[in-house]
J.: 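Please read through the structure below; I'll follow up with questions.
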Amino acid sequence: MRKTPSDEYLEKAKLLSKEETERLLSRTRSKLMRRLENEKMTALEVVAIQLEIEDEDLNEWRKKMAEIRKKTKAK
């Protein structure tokens with residue numbers, strides 16, 4: 001679990017609308033939400049970390065899908 005968000009994702013989080021921020025917070029992992037509730041992190045920091053996590057997950061998914069497509073084309 002990251003302790004601090006990167007500057008890049010903090011900037012992205014600042015640009016989100018209130019609705020987009022709420023959607024991201026609704027998908028936030030429980031450990032991050034506890035940090036927000038215990039006031040160890042701000043909402044902006046939590047949203048930035050969640051954005052970073054989701055980007056990493058999406059990139060991993062894309063790699064796996066590319067591998068699957070490559071295997072199915074080879075057959």
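Given the structure is predicted, the values throughout are model-derived calculations rather than measurements. Any value given below was found using the heavy atoms of this structure, including those in side chains, with hydrogens, waters and symmetry copies removed.
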J.: Spell out, yes or no, whether Leu58 and Leu32 are grouped together once hydrophobic residues are joined by side-chain heavy atoms under 4.5 Å, including indirect joins.
T.: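 Looking at the clustering, Leu32 is in a separate group from Leu58.
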J.: Let me see the working for Tyr9 and Val47 under side chain to side chain contact (heavy atoms under 4.5 Å, CB included), right down to the final yes or no.
T.: CA-CA 9 Å; Tyr9 283 94; Val47 168; over 6 Å; no
J.: Salt bridge (Lys or Arg N to Asp or Glu O under 4.0 Å): which pairs involve residues 16-26, sequence neighbours left out?
T.: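 Non-adjacent pairs meeting salt bridge (Lys or Arg N to Asp or Glu O under 4.0 Å): Glu19-Arg23.
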J.: Hey, could you give me the CZ/NZ distance between Arg69 and Lys71, rounded to the nearest 0.5 Å?
T.: 14.0 Å
J.: Show your reasoning for whether side chain to side chain contact (heavy atoms under 4.5 Å, CB included) applies to Met41 and Thr4.
T.: CA-CA 9 Å; Met41 297 182 92; Thr4 58; over 6 Å; no
J.: Please determine if Glu8 and Lys12 form a salt bridge, counting it only when a charged side-chain N lies under 4.0 Å from a carboxylate O.
T.: yes
J.: List the atom of Gln50, the atom of Arg27, and the distance in Å for their closest heavy-atom pair.
T.: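 The answer is NE2-O, 3.4 Å.
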J.: In this structure, would Leu36 and Leu44 fall into the same cluster of hydrophobic residues linked by side-chain contacts under 4.5 Å?
T.: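 No, no single cluster joins them.
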J.: Going from CD on Glu52 to CG on Leu10, what distance comes out if it is rounded to the nearest 0.5 angstrom?
T.: 9.0 Å
J.: Before accepting this row, confirm whether a basic side-chain N of the pair Asp57/Arg29 lies closer than 4.0 Å to the acidic partner's carboxylate O.
T.: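 Yes, Asp57 and Arg29 are salt-bridged.
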J.: Let me confirm one number: the CD-CD distance from Glu54 to Glu56, rounded to the nearest 0.5 Å.
T.: 11.0 Å
J.: Give a yes or no on whether a salt bridge exists between Arg34 and Glu37, defined as a side-chain N under 4.0 angstrom from a carboxylate O.
T.: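 Answer for the salt bridge query: no.
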J.: When rounded to the nearest 0.5 angstrom, what distance separates CE in Met33 from CG in Asn38?
T.: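 It comes to 11.0 Å.
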J.: Test side chain to side chain contact (heavy atoms under 4.5 Å, CB included) on Ile53 and Thr28; report intermediate values, then the result.
T.: CA-CA 10 Å; Ile53 290 168; Thr28 301; over 6 Å; no
